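Keep in mind the model is a prediction, meaning the values are calculated, not measured. Residue numbers begin at 1 in each chain, while the letters A, B, ... track the order of the sequences.
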Amino acid sequence: MAQKPSIPKGTRDFSPAEMVRRNYIFDTIKGVFQLYGFMPIETPAMENLDTLLGKYGEEGDKLLFKILNSGDFLSKADNALLNAGDSIKVTNQISEKGLRYDLTVPFARFVVQHQNEITFPFKRYQIQPVWRADRPQKGRYREFFQCDVDVVGSDSLLNEVELIQIVDEVYRQLNIGVVIKLNNRKVLAGIAEIIGEADRIVDITVAIDKLEKIGVDKVNAELSERGLSAAAIERLQPILALSGNNTEKLAALSALLKSSEVGTKGVEELLTVLRITDGLNLSTQVELDLTLARGLNYYTGAIFEVKALDVEIGSITGGGRYDDLTGIFGMKGVSGVGISFGADRIFDVMNQLELYPVDVTAATQLLFVNFGDTEVAHCLKLVSNLRQKGIRTEIYPDPAKMKKQMAYADKKGIGFVAMVGEDEMSKGLITLKNMQTGEQTTLNLEGVVNALKA
RNA sequence: GUGGUUGUAGCUCAGUUGGUUAGAGCGUCGGAUUGUGGUUCCGAAGGUCGCCGGUUCGAGACCGGUCUUUCACCCCA
């Protein structure tokens with residue numbers, strides 16, 4: 001063996017057995033999306049860098065995969081910058097395209113670009129890979145699939161509720177136990193406002209997002225490190241200490257945020273969403289979580305995150321409302337809300353918990369043994385006939401030894417083998433072997449169909 | 001981007017304080033069985049020990065770099 005070929009860090013190959021399982025996940029998600037009236041779109045893997053840059057924060061920009069310009073790209077670069085080793089500025093000169101980082105921003109670009117062809121509210125879903133130049137880690141890949149559903153052009157909170165229903169339905173079908181965490185950016189803005197640090201909302205949210213993980217003391221320490229005043233941190237404490245069920249938390253929050261207009265609006269939104277979902281008999285628990293703040297900073301209203309209950313793997317679905325994403329591309333006043341299912345993490349969860357139904361295989365049902373040219377010519381007709389009846393049928397391509405052909409069927413998990421040699425040909429029959437029981441019977445075509453359909 | 005971890009046959013892994021020709025199980029291929037798989041038996045193929053450099057009479061083992069794996073941090077699906 002010379003050098004072993006390999007694939008880039010953080011990417012994966014998927015075998016047939018894995019693809020069958022992944023497709024089960026994609027098909028389930030797609031099915032639910034369609035049930036709620038969403039239509040598919042696709043966008044290119046690469047976007048112009050100016051579409052992507054500046055939408056995900058400073059960190060996000062760093063994690064973008066950039067594509068080198070074609071041709072003699074160095075000739076257009078500034079030698080002074082090259083010699084100075086200024087990677088960032090040189091990058092701008094030699095790269096103008098990048099791989100998409102998520103599906104939401106390309107979607108916003110799509111909406112603006114096609115606004116005259118779109119009927120609003122526009123409900124679309126999109127299942128495609130995205131790329132992030134992150135360091136791989138548990139449940140973290142550099143290439144992974146997102147399954148996005150978004151509604152743009154409607155302010156109604158009914159959309160938020162429908163997204164929660166979709167989450168509930170998808171995970172009910174996949175049989176994954178989850179909790180839906182809900183928060184609202186306006187509430188977070190309100191909190192920042194009443195503690196007198198309205199412009200530090202990002203620092204505040206990033207820190208309190210870690211509450212559950214590192215505890216209140218370390219959160220306070222981090223807030224202090226991020227430059228928040230001791231007085232502000234002091235005023236934040238009642239909020240960090242909030243407890244009880246959703247209703248109790250919201251009541252307390254409502255009082256705390258009374259003086260903040262935006263905060264009060266956020267509380268109202270949460271109340272509305274929770275009131276409606278309460279009446280829907282969902283099997284998934286919806287939990288108000290004020291520490292839920294991570295995620296893209298273009299969110300302006302609801303924020304969602306879904307965590308698996310039985311596997312430690314970070315969030316498997318996330319999303320929220322963004323009031324002005326299209327504004328960045330020159331189309332004001334269009335609000336959108338959406339969520340994204342992380343297919344690769346869902347795949348990991350399903351694998352760990354072995355949650356696939358037994359019949360999730362698209363394996364061949366019937367293999368015809370190849371006995372030679374004459375027999376093949378005869379069998380091909382039978383094969384076509386069976387395929388037309390919807391039976392997944394193949395014929396072994398080479399006149400190999402029986403043993404080899406049988407072993408092939410065995411390893412591929414093919415349930416039945418058909419043998420048609422001279423004898424069967426002359427009688428117009430088929431010898432059918434059940435690979436599980438070893439039982440063998442000679443039937444006509446109709447008999448084979450019945451045996452396979454049973 | 002920062003810090004730790006990993007790398008030996010297709011896969012999972014042994015390999016002693018540095019010492020001749022690097023092993024096992026599983027898998028693959030062939031045969032026992034030229035119209036019968038799973039079990040059994042026999043046999044074979046398959047390695048630049050991740051890569052590059054260094055120390056040494058001698059390196060799979062030690063040192064440095066690099067890539068890869070994996071985990072944490074930042075951040076995030």
Pair A:Glu169, A:Gln173: side-chain N/O donor-acceptor within cut-off below 3.5 Å: yes
Sugar-phosphate, base or nothing in reach of A:Val206, heavy atoms under 4.0 Å: sugar-phosphate
Pairwise C1' distance for B:rC13 and B:rG54, with rounding to whole Å: 30 Å
Ring-base stacking, A:Phe144 with B:rA77 (5.5 Å, 30° cut-offs): yes
Touch class at under 4.0 angstrom, heavy-atom based, for A:Lys433 against every strand present: base
Atom C1', compared across B:rU8 and B:rG47: separation rounded to whole Å: 8 Å
Distance in angstrom units between A:Asp134 CG and B:rC73 P, rounded: 12 Å
Separation of B:rU36 P from A:Phe368 CZ (nearest whole Å): 19 Å
Sugar-phosphate only, base, or nothing, as touched by A:Gln436 at under 4.0 Å among non-hydrogen atoms: base
Nearest-neighbour nucleotide for the A:Asp423 side chain, B:rC76, B:rG35, B:rG37 considered: B:rG35
Touch class at under 4.0 angstrom, heavy-atom based, for A:Ala409 against every strand present: nothing
Whole-angstrom distance between B:rU12 and B:rG27, as gauged at atom C1': 11 Å
Side chains of A:Thr317 and A:Tyr171, donor plus acceptor under 3.5 Å: yes
Mate of B:rC62 where both pairing distances stay under 3.5 Å, Watson-Crick or G-U: B:rG54
Shortest side-chain distance from A:Arg135, nucleotide among B:rG37, B:rC75, B:rA72: B:rA72
Separation of B:rG37 P from A:Leu432 CG (nearest whole Å): 17 Å
N/O (side chain, A:Lys401) to phosphate O (OP1/OP2, B:rG37) under 4.0 Å: no
Flag for A:Tyr408-A:Lys412: side-chain donor and acceptor within less than 3.5 Å: yes
A:Gln126-A:Arg124 side chain donor-acceptor pair, cut-off 3.5 Å: yes
Between P of B:rC76 and CD1 of A:Ile346, the distance in whole Å: 19 Å
P gap between B:rC71 and B:rU5, integer Å: 15 Å
Interatomic distance where OH belongs to A:Tyr396 and C1' belongs to B:rG35 [whole Å]: 15 Å
Sugar-phosphate, base or nothing in reach of A:Lys210, heavy atoms under 4.0 Å: sugar-phosphate
Short side-chain donor-acceptor distance under 3.5 Å, A:Tyr56 and A:Asp102: yes
Nearest-angstrom distance from the residue atom CE of A:Met425 to C1' of B:rG35: 15 Å
Sugar-phosphate, base or nothing in reach of A:Glu222, heavy atoms under 4.0 Å: nothing
A:Glu59 side chain, from C-beta outward: closest of B:rG35, B:rC74, B:rU36: B:rC74
Phosphate contact (B:rU70 OP1 or OP2) by A:Lys9 side-chain N/O below 4.0 Å: no
Sugar-phosphate only, base, or nothing, as touched by A:Gln405 at under 4.0 Å among non-hydrogen atoms: nothing
Touch class at under 4.0 angstrom, heavy-atom based, for A:Arg226 against every strand present: sugar-phosphate
Residue A:Leu63, side-chain atoms from C-beta onward, closest of B:rC75, B:rG37, B:rU36: B:rC75
Span that lies between the C1' atom of B:rG1 and that of B:rC11, in whole angstrom: 34 Å
Distance in angstrom units between A:Lys138 NZ and B:rC75 C1', rounded: 17 Å
Same-atom distance (C1') from B:rU40 to B:rU17, integer angstrom: 44 Å
Euclidean distance, atom NZ of residue A:Lys403 to atom P of B:rC29 [Å, nearest integer]: 10 Å
Per A:Arg140 side chain, nearest of listed nucleotides B:rC75, B:rG37, B:rG35: B:rC75
Presence of A:Gln137 side-chain N/O under 4.0 Å of B:rA72 phosphate oxygens OP1/OP2: yes
Residue A:Arg132, side-chain heavy atoms: nucleotide from B:rU36, B:rG35, B:rC76 that is nearest: B:rC76
Pair partner, B:rG25 [Watson-Crick or wobble, under 3.5 Å]: B:rC11
Nearest-nucleotide comparison on RNA chain B, the residue closer to the 5′ end among A:Asn434 and A:Glu143: A:Asn434
Close side-chain approach of A:Gln365 to A:Ile414, heavy-atom, < 4.5 Å: no
Side-chain H-bond candidate by donor/acceptor type, A:Asp148 with A:Ser340, under 3.5 Å: yes
Proximity to the side chain of A:Asp410 - top-ranked nucleotide from B:rG35, B:rG37, B:rG30: B:rG37
Sugar-phosphate only, base, or nothing, as touched by A:Gly438 at under 4.0 Å among non-hydrogen atoms: base
Between A:Tyr356 and A:Asn351: side-chain donor-acceptor atoms closer than 3.5 Å: yes
Sugar-phosphate, base or nothing in reach of A:Gly314, heavy atoms under 4.0 Å: nothing
Nearest-angstrom distance, C1' atom, B:rG10 to B:rC74: 38 Å
Touch class at under 4.0 angstrom, heavy-atom based, for A:Lys307 against every strand present: nothing
Closest to side chain of A:Tyr141, choosing from B:rA77, B:rG37, B:rC73: B:rA77
5' precedence on RNA chain B between A:Thr317 and A:Lys404 (nearest-nucleotide basis): A:Lys404
Sugar-phosphate, base or nothing in reach of A:Gly319, heavy atoms under 4.0 Å: nothing
Option among A:Val206, A:Ile195, A:Leu236 that satisfies the side chain to side chain contact (heavy atoms under 4.5 Å, CB included) test with A:Leu223: A:Leu236
Separation of the C1' atoms in B:rU33 and B:rA24, to the nearest angstrom: 29 Å
